[in-house]
Structures are given as C-alpha cells and as structure tokens.
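By convention in this document, chain letters (A, B, ...) are assigned in the order of the sequence lines, proteins followed by strands, and residues within each chain are numbered from 1. Owing to the predicted nature of the structure, the values given are computational and were not obtained by experimental measurement.
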Number of protein chains: 2
Amino acid sequence: MSVDEFDLIRRFFRRSAVRSQTRLGVGDDAALLNPPPGQVLAATVDTMVAGVHFFPDADPAALGHKLLAVNLSDLAAMGAEPAWALLALTLPDAAPEWLGAFAEGLFALAERHRVDLVGGDTTRGPLTLSLQALGWVPEEQALRRCGARPGDGIYVSGTLGDAALGLKMLRGELDWRDEAVIERLLRPRPRVVLGLSLRGLAHACIDVSDGLVADLGHILSASGVGAILEWESLPLSAAVRRYVADTGDWRLPLSGGDDYELCFTLPEAAVRVLQQRLPAGAVAWHRIGTIQKEQGLRINKGGRAISLPPAGYRHFHHDE
Amino acid sequence: MSVDEFDLIRRFFRRSAVRSQTRLGVGDDAALLNPPPGQVLAATVDTMVAGVHFFPDADPAALGHKLLAVNLSDLAAMGAEPAWALLALTLPDAAPEWLGAFAEGLFALAERHRVDLVGGDTTRGPLTLSLQALGWVPEEQALRRCGARPGDGIYVSGTLGDAALGLKMLRGELDWRDEAVIERLLRPRPRVVLGLSLRGLAHACIDVSDGLVADLGHILSASGVGAILEWESLPLSAAVRRYVADTGDWRLPLSGGDDYELCFTLPEAAVRVLQQRLPAGAVAWHRIGTIQKEQGLRINKGGRAISLPPAGYRHFHHDE
C-alpha cells in the first residue's frame, strides 16, 4: 500500500460538519463536541465482522449504511437524538472503489439524520467495521429497559422476521426470493423519529436486534415482570406470512434477529399521546401483548399459552 | 462457544462506575453520560489488530493496558480529562484466562485515571481491539495542533525512541535486551497530568504515536510554520544512547513510533507557569527546538542543519 492510498482513505471520510455542536471534527488528536445543556449524552458501539455479520463480498454501500443504522437504532431505543459517529475501520487493503461505496452508504444515512462523522482510525487487518455513535436526550425522558409495569401494552414497530427471512433467501435456503425482504436485512431503517416520540412516554424500550423473544426478554428481566404475547397480533409482512404457511416455522418472527424495530411498553393513557405525536408517514406500530406480574414470556397461539424460553442471537454460540 | 462463556465475557467487563457523571453504564442500549457544564466533550478511537500492532501471543494484560493508554494519550494531547471508554472486542474465541488478564490490564489503568467503561460490543472474529475514549475540556483551553507560532519553544515529555528500540529487542534484532525499554513499548504511560497542566498554555500539542518527525510535522503543517530541532537536546534513555552509539542509526528517536509522549510548543512566558503547575513527580519535559517561520523541519547536528522530510508510521505502507 502507498501513502497515496492512505490519504485517499482520509479523503473519503472527511466532510464538513453539519451541526453547530461539532466544534472540531476529524483531523486532531480527538474531536471536540458540544452537546446542548440540560441533556445527557447517549453513547453506544457496534461491530460488524466479515464472515460473521456479513458475507465478505457484501455490497460495501449497504455495509456502510448498516453499520451506522444499527448504532442509530441503539440511540433510538434510548430516545436519543443522534449527533456524532466515530469509525474504526480495519481493512485488508485500501481498494478505492470499495471505500468510496462504503463511505457513500454511510454518509447517505448520516446526512438523513444530521450525524457528523467526527473521528476514526483506519488500520490494516481482517475486515472489521466498528462504529460508535453519540447523541443526547433529556435524562428524565431517556428510554430504559427497566420500567415496564404489569398492565402495560407491548408494542412493536414495523414488521417482524423479515431480516431473518432475507438471510434465508441470501443463503439459498428457499426456492423463492423477495428483494424487498432482503433489503430489510441489508439496509435496516433505524426508528429514530419513533424513539424521539417515545421520550417520557414509554415505560421501557429496546431495539429488536437479537430477535423479539431475546430482546423483550431483556425488558422483562430488567423490569422484574413477565408478559403474554398474542400470535394473531404480530405484525408480519406478506412474505413472512407465506414462509410461515409454507414451512410451519412460526417461531421465525419471534426469534429472528436483525430487524432493528423498536419494542416498547406503554400505559393505556400514553397510546393516544403517541398517536398525536408521531408525524404522518412515520413507521406503523402495533400492540402485540401485555406485561404481566407473573415472570416468564408466553404466547397465546390458537387458544393455547405456549412458554417461550429466552433465546436468540448470541455472538459466541452462533454458527453463521 | 456456550452461553456461559458469553456471560463470562460480560462479567469481566461490568464494574461499578466510579464517576457520578456516569448516569448509566453497561447494560442498556446505550450509556447515559453527563459531562460537567461549561466543557466540551473530547472523543477519540484507536484500534489494535493482532499481527499488525501486536504479536498474536502478546501478554493480554499488557494489551488491555495499551489499548486504553493510546486513547488516553489522545485525550491528554487535547488537554482533556478522561472519563469514559467504550470497548469493541473481536475475539476468535472466549478463553477466560485471556479475557480475565485483558480486563485486569485495562481496568488497572482505568482506575488510575478514574475512567468508567460504559459500553461495548463483543463479537467473534479475528483478534481486533478497538476502544473509544471520551473526556472533557473547557473549549477555549483545548490543545490543538494548529496554534504553533514562530519563536515558540518545542518541548517533549519523557524520552524518545524507547518503544522503537523495544520492538527491535522483541524481534530479536539486537544481541542485548533491556526489560525497561520493552516495557515502554508494551505499557506506555499516557501523559494525562501533563496534558491537563498544558491547558490554555501550549500553543500546539500532539502525542508522539507515529514518531517525532511525523507528529511534529502535523503541528507544523496545521500551524503553517517550520521548525529547527537540536540533536544534542533530544531526551534519550541510556539504552537509546547505547543503540545510537553502537549502530550509528541516529534517526531512530526521531522516527520511531509508539512512545506516546507529548510534543508541544510554548511561548517563553508559559515555561515558568508550567513548571509551577506540574506536580512533583510528574514526567520530565525538555526543550528540543524552536518553531520558525520558514517551512520544513530541520535538525542541528554537529553544526550542520539537516532537513527531515515528513515520514513515519503509516498503517497502509508498513510491513510489520
């Protein structure tokens, strides 16, 4: 590799800041950032590894999008407004086409949410993408996992299971394909507007990255409560309905990861407020169950209550 | 890998927060942090890759120390007080001994500087360690690279070239060894107290990670100035003096990376203030040259001014 290529990398990732709160971006020993007074900073980090989280030949523009999206999803699940990202990029080489496409995908989403990329480190090694996102939220309005109360409705945005179904399609496990479903896997949409609208309203919130059962399970254990879900109420796309009807595998929308929808609990009185707050065209959200005093997670399916043991995506016991 | 091992990893990295500004640490979708009012946040990220930045069989405790140290060094170079870290750990497996030692090394340094580890992501893949550090500094006192002025003295802390010499020893390129020198490579000490003492005093500051010529070169180009160094003034350890005498390779302390000392420029009037500010036992610092109007970097050696073209460690044209 040459110095020219090194400078090329830097050029791809250095853009003008869009936020006045960005006092100093890329180019010194650290970025200098000025969150507005009266807010707490929300900070998260997520890593994607070639061969584990994505196919090594994956579209770099989609990777750039997804790396930022999964972190914005974490901020959304806290009710935080996203503001900044730092990128730790480990690359086997500095192929300009790959880098250009990756940066395009990342910045297209960053611009949509007014996120400034303010720092990073590029190193040589096996393809590993790590991004850390920063945002802010008034402390008393932050969405935690621990506040769910018996009687709360359980809600989820969008539809469930599409990303897991898309992965089956990409792996050639099905004899049909649906590009829109695959797109759900490759380019998840972080539910930033919904997260902001839930501030001070939702008793608990999490993003569905490891599957509904696993992630709702985190809310239940952090809150010391249980829950019952209604199978008939789960929001499913036509493709997931078809898959379930074809195969009988009704657990896919419950355990499939990578959807990046928000799962949250609301007291009855908050439902109308949320309806009024959400702008037209925002993502749909549906009630799928109820928080209960009795521990454990159950689902009502065809008149029977089936117990759902906590499980889901675990990075270290996962065969992908 | 089993779920038990996954939980083990989480246990290693979950400790009680020491800072009241840490409102919520590990265990939700994002950490919630409350920097003091009147400060700007300083944010930086650095990655270490097995086989590139360290030997794959390196002592994990030293790796944990160094990963945090190199980031605290970046904060010190901004004059920022370190407060928080987020860790992105990619591991081929979850060996408890390795993880326990890594965590010990990291937390020993974190406790010394009152840094809370507030988030992270552990994934499976080729050994890659990435850490992002956050701290704060009053905006008008932050240390930038761009303020050096002709007539400023150029100063450096500690000694130069030890880490590069330690690497030669570890590689078996020399017929002698000095454990203290190797320790400089493996366990660099971030100059946090010095960085805080330089607030509002230094015209420019950077940490020496890529070698003095490369890093001072960043100050010169950001400030639009040049400099002359004095060979006789360079602070060298006895081991580096011996190496230079033995080999004639006098460029090692100028180009060797990984020292993590601070290089800074001061106007004459600031020297006494810094002497008074620095607590007893703080790292030594020495004047090594002068900022000049004339562009470029030169060194006075044996009565001759030798030009030093900018060069140093570049991740993508580096054979290590």
Which residue out of [options] racks up the most heavy-atom pairs below 4.5 Å with chain A?
{"options": "B:T90, B:L24, B:I206, B:L41", "result": "B:L41"}
{"options": "B:C146, B:A142, B:G27, B:A133", "result": "B:G27"}
{"options": "B:A77, B:A30, B:A80, B:S130", "result": "B:A30"}

Worksheet item: With only heavy atoms counted, which part of B:V137 is less than 4.5 Å from chain A, the side chain, the backbone, both or neither?
Response: side chain
So, [X] side chain and [Y] main chain: donor-acceptor pair closer than 3.5 Å or not?
{"X": "A:T44", "Y": "B:G119", "value": "no"}
{"X": "A:D46", "Y": "B:D121", "value": "no"}
{"X": "B:D28", "Y": "A:R145", "value": "yes"}

Search all heavy atoms of [X] against all heavy atoms of [Y] and return the closest pair with its distance.
{"X": "A:Q132", "Y": "B:L86", "value": "NE2-CD1, 4.2 Å"}
{"X": "A:T123", "Y": "B:H53", "value": "CG2-CE1, 3.4 Å"}
{"X": "A:A88", "Y": "B:V45", "value": "CB-CG2, 4.0 Å"}

Under 4.5 Å heavy-atom distance to chain B, tell me which part of [X] shows up: side chain, backbone, both or neither.
{"X": "A:T47", "result": "both"}
{"X": "A:L87", "result": "backbone"}
{"X": "A:L143", "result": "backbone"}

Worksheet item: Any side-chain heavy atom of A:D29 sitting closer than 4.5 Å to one from B:S73?
Response: no
Identify each donor-acceptor pair in which a side-chain atom of residues 31-40 of chain B lies under 3.5 Å from a protein atom, sequence neighbours left out, and give them as a table.
none

Worksheet item: Is atom CZ of B:R15 surrounded by more than 12 heavy atoms (other residues, nucleotides or ligands) closer than 6.0 Å?
Response: yes
Worksheet item: Are there more than 12 heavy atoms of other residues, nucleotides or ligands under 6.0 Å from atom CZ of A:R19?
Response: yes
Discussion item. List the residues meeting side chain to side chain donor-acceptor pair (under 3.5 Å) with B:Q21, not counting sequence neighbours, and say none if there are none.
Written reply: none
Item to complete: May I ask you to name which of A:A43, A:P126, A:G135, A:C205 has the most heavy-atom pairs under 4.5 Å with chain B?
Response: A:A43
